[in-house]
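Data block below; observations after.
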Amino acid sequence: MKYFFAICMTAMWFNYSVFAQEKTTTHKVEKGETINQIAQKYKVTPFDIYQLNPDAQSGLKPNSILLIPKSSGKQTVNVPQKKGITAIMHQVAPKETLYGIEKKYGVSDEALKQANPFLEKDGLQIGQTLTIPSNIILKNNTATAEKVVYHYVLPKETKYSISKQYGITIGELERKNPEVVSNLPEGFKLLIKGMAPKSDKSTVVLESKKETTALNPVKANAVINYLDYTVKPKETLYSLSKRIGISQEELIALNPNLSQGVIEGMVLRVPATITLSPEIKKQYTELPKSNTSDRKKLVLLLPFNLAKMEGDTVNTLPMRLKKDKFLNMTLDFYAGALVAIDSAKQLGFDIDVKIFDSQETKNSSNVASIIRDNDLEVSDAIIGPFYQSNVEKTAELLMPNQVPVISPLSKDLGISYANIFQSIPAAETVKNAVFDYMRSKGGNIIAVVDKKKSSVIQYISTNHKDVRFSTLTPNGGVSAENLKSLFVKDKINYVVMETENTGMIKSTVAAMLSAMVAYKVQLVILEPNETLDTDEINFTNLAKLKLMYPSVTRENESPEALIFEKNFRKKNKIYPSVFATRGFDVTFDTMLRLSQGKKYQETIDATATEQIDNKFEFYKKEGAGYVNKGIYILYYDTDLTIKEAN
């Protein structure tokens with residue numbers, strides 16, 4: 001087989017020799033390399049590589065040789081335009097920004113948007129071809145007037161790091177900014193390129209523990225605090241500057257990483273004085289239980305590990321069920337999925353379902369052979385495997401056919417692919433959701449955090465700078481006096497409490513209860529806290545404070561939930577576990593979407609859904625797959641029942 005492969009490669013090399021000399025290069029595949037990594041290395045797309053190497057779609061083999069098309073980079077082509085006006089075409093390369101392209105060609109943002117209307121809707125995408133209105137560009141390439149570029153000094157930045165960032169010398173930096181020859185004050189507005197307007201003043205006033213700058217249109221000497229803003233899906237440098245209310249140049253000066261491109265999930269430093277419009281969230285819709293005439297194919301890859309079980313001569317199946325939590329989780333998920341499949345059949349969904357044993361561990365699986373031997377490239381959706389590394393392998397193999405791969409249990413994003421749908425929200429997304437909710441209610445947010453919870457302190461300090469921390473006593477306890485001093489009248493005061501210390505919990509609760517006469521207060525936790533379930537904590541007091549928390553699941557007593565519970569008990573003689581309900585929700589939601597007569601991804605882009613205990617509100621991550629942001633904000637009411645916050 002090796003000799004046959006060598007002969008084929010020799011023939012291929014001969015046939016493409018002339019072509020390769022001019023338009024291609026070769027790459028020897030290393031062990032563990034992926035098609036995405038190789039594409040990024042050569043600045044091409046995986047599709048470009050697959051076109052020249054169709055066999056690579058079935059997987060990469062170590063030491064095999066790939067033909068790689070040479071990246072065209074930034075292409076410029078003269079095209080005829082109306083009389084008196086010329087234009088060129090520009091192909092967007094990786095890491096390019098609108099700001100960089102506009103600066104390169106000396107065109108305004110408005111002119112570029114007018115020539116390319118799709119930018120307003122879709123933003124800048126790698127591989128797009130832009131029409132550059134170049135009537136203002138001289139044919140002899142004479143340089144246009146240099147645009148003024150500023151940089152706002154960030155904490156711990158040096159003249160060396162700033163000059164290196166912009167490709168200038170320290171001497172040039174000092175000549176343009178004679179005020180900073182001897183020192184470099186934080187928050188200073190540095191002139192980097194161009195000539196500053198005569199009226200432009202770069203002086204700032206530094207105040208203890210506050211960041212300052214002279215951002216236009218804010219007057220010089222004004223003190224400005226900053227907040228962190230997380231970039232949302234499909235946002236561009238243009239839309240961000242419009243939303244935040246400062247120029248693209250000022251936004252890049254505050255966030256130098258933006259010069260490399262806008263990436264969803266980036267945390268930007270923005271003035272706290274701005275008013276951000278809320279994120280456009282998807283509407284939850286109950287999809288009609290319709291059915292398409294086009295028969296769909298659904299595959300489940302579940303880790304039963306039957307071969308391992310059959311080879312175990314020590315443990316019987318009952319013994320394995322007692323010891324193996326992973327096997328129990330798999331069987332519960334499978335049992336829930338079977339109820340979903342049965343429900344879909346009763347509703348008349350025309351869907352073929354196949355279930356395979358993925359035989360997986362954290363580092364291995366048999367998904368490659370399953371895909372190859374069963375033609376899974378023609379599937380409409382695949383649920384599983386369970387481990388994230390195996391999900392990524394499955395997605396990589398099915399990427400050429402754009403088969404959606406739904407990760408049912410993993411929360412880790414890792415190296416992702418465009419066809420991965422992460423169905424469990426990430427831990428940080430869950431915590432951020434409750435902060436977004438509190439802000440939507442105009443709340444005053446205070447944090448009471450145990451000194452031992454350094455990761456929580458870091459998380460809040462980094463991501464939620466508008467939150468104030470209550471001062472703790474020297475021995476680490478809660479200062480009731482300080483906590484009350486942070487409360488604000490005519491607002492709901494949310495107290496985010498993160499501690500497992502019983503005494504700290506009791507003192508926080510007592511301080512809040514005593515303040516209820518004069519203030520509106522509500523207790524909040526970010527994640528489950530077992531200490532709150534102990535006999536030492538009076539749960540009635542927690543209910544009085546309407547203890548609130550974010551969750552990826554809910555407790556549902558709707559008629560639909562009771563029907564599912566009844567059907568599950570009838571089949572399995574037990575109540576459904578969390579994993580069984582999740583097996584039902586993920587499987588039924590997928591089948592319901594496939595029955596709409598559209599591609600799975602189309603329904604994801606258009607609609608958020610809710611099943612028994614789980615929400616499915618997916619958003620695309622730039623350069624990766626989809627993440628679920630369907631999260632419940634729950635609280636204990638005074639009648640000791642759990643309710644969903646409105």
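Residue numbers start at 1 and run along the sequence shown.
Relative orientation of the Phe326 and Phe386 rings is perpendicular, given thresholds of 30° and 60° on the angle between their planes. Using cut-offs of 30° and 60° on the angle between ring planes, the pair Phe568 and Phe564 is tilted. The aromatic rings of His464 and Phe435 sit parallel to each other, their planes meeting at less than 30°, with 60° as the upper class boundary.
The distance from the OG1 atom of Thr609 to the CD1 atom of Ile604 is 6.5 Å, given to the nearest 0.5 Å. Separation of atoms CD1 (Ile424) and OG (Ser407) is listed at 7.5 Å; rounding is to 0.5 Å. To the nearest 0.5 Å, atoms CD (Glu498) and OG1 (Thr508) are separated by 11.0 Å. With rounding to the nearest 0.5 angstrom, the CZ atom of Phe539 is 11.0 Å from the OG1 atom of Thr534. Separating the CD1 atom in Ile460 from the CG atom in Asp466 is a distance of 10.5 Å, to the nearest 0.5 Å. Rounded to the nearest 0.5 Å, atoms NZ (Lys544) and CG (Asn538) are 7.5 Å apart.
No donor-acceptor pair closer than 3.5 Å links the side chain of Asn419 to the backbone N or O of Pro404. A donor-acceptor pair is defined here as one N or O able to donate and one able to accept, closer than 3.5 Å; no such pair exists between the side chain of Asn572 and the backbone of Ile574. Looking only at distances, no side-chain donor or acceptor of Ser461 sits under 3.5 Å from a matching main-chain atom of Gln458. A donor-acceptor pair under 3.5 Å is absent between the side-chain atoms of Thr587 and the main chain of Phe584, judged by distance alone. Formation of a donor-acceptor pair under 3.5 Å by the Lys362 side chain with backbone atoms of Tyr387 is not found in this model. A donor-acceptor pair under 3.5 Å links the side-chain atoms of Asn628 to the main chain of Gly630, judged by distance alone. Of the possible polar contacts, one joining the Asn556 side chain to the Ser558 backbone as a donor-acceptor pair under 3.5 Å is found. In this structure, Ser423 contributes its side chain and Pro408 its backbone to a donor-acceptor pair below 3.5 Å. Checked by atom type and distance alone, the side chain of Tyr417 never pairs as donor or acceptor with a backbone atom of Leu398 at under 3.5 Å. In this structure, the side chain of Ser365 does not engage the main chain of Glu360 through any donor-acceptor pair within 3.5 Å.
When only modelled atom types and interatomic distance are considered, Asn444 and Asn493 share a side-chain donor-acceptor pair under 3.5 Å. If you check the side chains of Arg593 and Thr607, you find no donor sitting under 3.5 Å from an acceptor. A donor and an acceptor atom, one from each side chain of Tyr632 and Glu610, are located under 3.5 Å apart. Counted by atom type alone, Glu617 and Tyr284 present one or more donor-acceptor pairs between their side chains at under 3.5 Å. In the model, Tyr626 has a side-chain atom that pairs as donor or acceptor with a side-chain atom of Asp605 under 3.5 Å.
Just one residue in the list Thr330, Leu327, Asn390 forms a side-chain contact (heavy atoms from CB on, under 4.5 Å) with Pro303, and that residue is Thr330.
Taking both residues in full, the closest heavy atoms of Ile457 and Asp450 are given as CD1-O, 3.9 Å, listed atom of the first, atom of the second, then distance. Nearest heavy-atom pair across Val378 and Lys297 is O-CD, 4.1 Å. The shortest non-hydrogen separation linking Asn366 to Asp357 is OD1-O, 3.3 Å. In terms of heavy atoms, Thr553 sits closest to Ser551 at O-OG, 2.7 Å. In terms of heavy-atom proximity, Gln596 sits nearest to Pro288 at NE2-O, 2.8 Å. Of all heavy-atom pairs between Pro550 and Ile525, the closest is CD-O, 3.3 Å.
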Between Tyr459 and Asn432, does the side chain to side chain donor-acceptor pair (under 3.5 Å) criterion hold? Intermediate values first, please. CA-CA 10 Å; Tyr459 159 72; Asn432 286 340; 2.5 Å; yes
Side chain to side chain contact (heavy atoms under 4.5 Å, CB included), that's the test. Do Asp352 and Lys354 meet it? Break it down for me. CA-CA 7 Å; Asp352 289 329; Lys354 293 183 178 179; 5.8 Å; no
Derivation and outcome, side chain to side chain contact (heavy atoms under 4.5 Å, CB included), residues Val524 and Tyr635: CA-CA 9 Å; Val524 181; Tyr635 71 95; over 6 Å; no
List the steps and the verdict of side chain to side chain contact (heavy atoms under 4.5 Å, CB included) for Tyr494 and Val434. CA-CA 11 Å; Tyr494 294 106; Val434 76; over 6 Å; no
Verdict with supporting geometry, Leu298 and Leu594, side chain to side chain contact (heavy atoms under 4.5 Å, CB included): CA-CA 9 Å; Leu298 173 65; Leu594 292 179; 4.3 Å; yes
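Contact annotation: the side chain of Met497 never approaches that of Met504 to less than 4.5 Å [non-hydrogen atoms, C-beta and beyond]. Between Met329 and Leu409 there is a side-chain heavy-atom pair separated by less than 4.5 Å.
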Can you give the donor-acceptor pairs under 3.5 Å from side chains of residues 339-346 to other protein atoms, not counting sequence neighbours?
| unit_1 | atom_1 | unit_2 | atom_2 | d |
| --- | --- | --- | --- | --- |
| Asp342 | OD2 | Gln346 | NE2 | 3.0 |
| Ser343 | OG | Val339 | O | 2.9 |

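Few gaps surround CD on Gln402; more than 12 heavy atoms of other groups in view lie less than 6.0 Å from it. Counting heavy-atom neighbours within 6.0 Å of Arg569 CZ, excluding the residue itself, gives a total of 12 or less. Other residues, nucleotides and ligands contribute over 12 non-hydrogen atoms within 6.0 Å of the NZ atom of Lys453.
Taking the side chain to side chain donor-acceptor pair (under 3.5 Å) definition, one finds that Asp585 meets it with Asn614, sequence neighbours left out.
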